[in-house]
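Here is the structure we will look at.
Chain letters run A, B, ... following the sequence lines, proteins first, then strands; residues in each count from 1. Not measured: the values here are computed from a predicted model. As a basis for the values below, the full set of heavy atoms in this structure was taken, side chains included, without hydrogen atoms, waters or symmetry mates.
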There are 2 protein chains.
Amino acid sequence: MPRAGLTPEALVAAAADLADEIGFDHLTLAVLAKRFGVRDASLYTHIRGLADLHERVALLALDEWADALGAAVAGRSGRAALSAFADAYRAFATEHPGRYAATRFPVSPERLAASAGAARIIELCYALLRGYELSESAATDAVRLLRSTFHGFSDLEATGGFTAGRSLDASWRRAVDALHHTLTDWSTI
Amino acid sequence: MPRAGLTPEALVAAAADLADEIGFDHLTLAVLAKRFGVRDASLYTHIRGLADLHERVALLALDEWADALGAAVAGRSGRAALSAFADAYRAFATEHPGRYAATRFPVSPERLAASAGAARIIELCYALLRGYELSESAATDAVRLLRSTFHGFSDLEATGGFTAGRSLDASWRRAVDALHHTLTDWSTI
DNA sequence: GGTTGTTTCCTAATATGCCTAGGAATCGGG
DNA sequence: CCCGATTCCTAGGCATATTAGGAAACAACC
């Protein structure tokens, strides 16, 4: 019987797709192995175990997400950049729910530092604020506010937390407008 | 050997405490049974299974949370009510991480409707906005914004998403101030 | 092309967790 | 005291994660 030709990269990519299909916490070694026509024990040649796979998927998702966010804000500034960033943020969460859930998985500090994704996203947030002229400590507060709003909305939307009949798109746009307004008036609040 | 005297209520209360200690997704029937000095199979007389336990803990947490939020806003209005609500929201999330995680567990619609907790929390959010004079659709957008910001901040804080050195309390206060400002200027944004 | 060493994948086995079936002990009402 | 109902138990099945060790495929070298 020929070999399946597994690699850590192929496993992680397939696991990320699988997570988007069935949910990050339903991601199991058995179903991942089945996707490659292989026994689950065979995966241990390429990954250390389930926890390792989870971390690798998280890092992959953070990288892909950073790419998407970076592309969205490229060539834009101020309100246009904020809006594009926000939409790319929410789009990633809704189109890749498994990957998005993975980004909240607690990755070990060493691996997180070794990978660029997470830091790039934070950096993009700070870059977003250049159009609003904030002090350093204000910028940290503002980045936390942006991330809280974006993450909270995306997470509540993904987990069915919003039940009112009104359009989620409309509420989202309103939230982004409100953030722009807040950032504009930051020093006078 | 005398009986352990289990009841669904005792099990759910202990499960909620356990979730706060070890995390909602590490909550297991084996460790819950051990806490009562009982075999895991014995729990099935009182609960239907793990999924049922998860739902019951979620409903308990929603009720307790609604109580805390209701007490915080009682007798206050406007900015003071918003601030008290926000602090009670975050305090619940940080002091009861397992219960807080449980509130995001997808409970079946029937049970959710049968219990008052979730609806009371949403209702409190709307009540919070009476001081700001918003139209009906605006109120829905505003409630979604409030919940997004509160949930996003609490969740990122709980999962270690904030790493900058600045005080989280200070950033939180700033976020609440920003929301007050947004609500005040809502119609002009 | 054959040989040899390495890597990949397999089978086998253990541990833990959820869950069901059926039996024994305990409790409470007569 | 006894009888019915309930509670808790043992035993077992199934799924998953994980380790150990063996066989087959691959690759490099003669």
Nearest of C:dC19, D:dC8, D:dA17 to any side-chain atom of A:Asp40? D:dA17
Which nucleotide in the set C:dC18, D:dA20, D:dT16 lies at the smallest distance from any side-chain heavy atom of A:Ala30? D:dT16
Nearest-neighbour nucleotide for the B:Ser42 side chain, D:dT10, C:dC18, D:dC8 considered: D:dC8
Quickly work out the A:Leu6 CG to D:dA24 C1' distance and round it to whole Å. 15 Å
Quick one: which of D:dT7, C:dC19, D:dC9 gets closest to the side chain of B:Arg3? D:dT7
Using atom CG of B:Leu50 as one end and atom C1' of D:dT16 as the other, report the distance to the nearest whole Å. 14 Å
Under 30°, 30 to 60°, or over 60°: which ring-plane class applies to B:Phe24 and B:Phe105, parallel, tilted or perpendicular? perpendicular
Checking C:dT8, C:dC19, C:dC10 against the side chain of A:Arg39 (C-beta onward), the nearest is C:dC10
Per atom distances to the B:His46 side chain, the nearest of C:dT8, C:dC10, D:dT7 is D:dT7
Does a side chain donor of either A:Asp177 or A:His181 reach within less than 3.5 Å of an acceptor in the other side chain? no
Assign B:Ala4 to base, sugar-phosphate, or nothing according to its heavy-atom contacts below 4.0 angstrom with the strands shown. sugar-phosphate
OP1 or OP2 of D:dA17 versus the side-chain N and O atoms of A:Thr28: is any pair under 4.0 Å? yes
Mutual orientation of the aromatic rings belonging to B:Tyr100 and B:Tyr89 [parallel < 30°, tilted 30-60°, perpendicular > 60°]: perpendicular
Same cluster for A:Phe162 and B:Leu62 if Ile/Leu/Val/Met/Phe/Trp/Tyr side chains link at under 4.5 Å? no
Indicate yes or no: does B:Arg56 engage B:Glu9 in a salt bridge with an N to O separation below 4.0 Å. no
Out of D:dT18, D:dT7, C:dC19, whichever nucleotide has its closest atom nearest the side chain of B:Thr45: D:dT7
Between D:dT19 (P) and A:Tyr44 (OH): distance, integer Å: 6 Å
Taking the minimum atom-to-atom distance to the side chain of A:Leu29, which one of C:dC18, D:dT18, D:dC9 wins? D:dT18
Nearest-Å distance for atom pair NZ/P, residues B:Lys34 and D:dC9: 14 Å
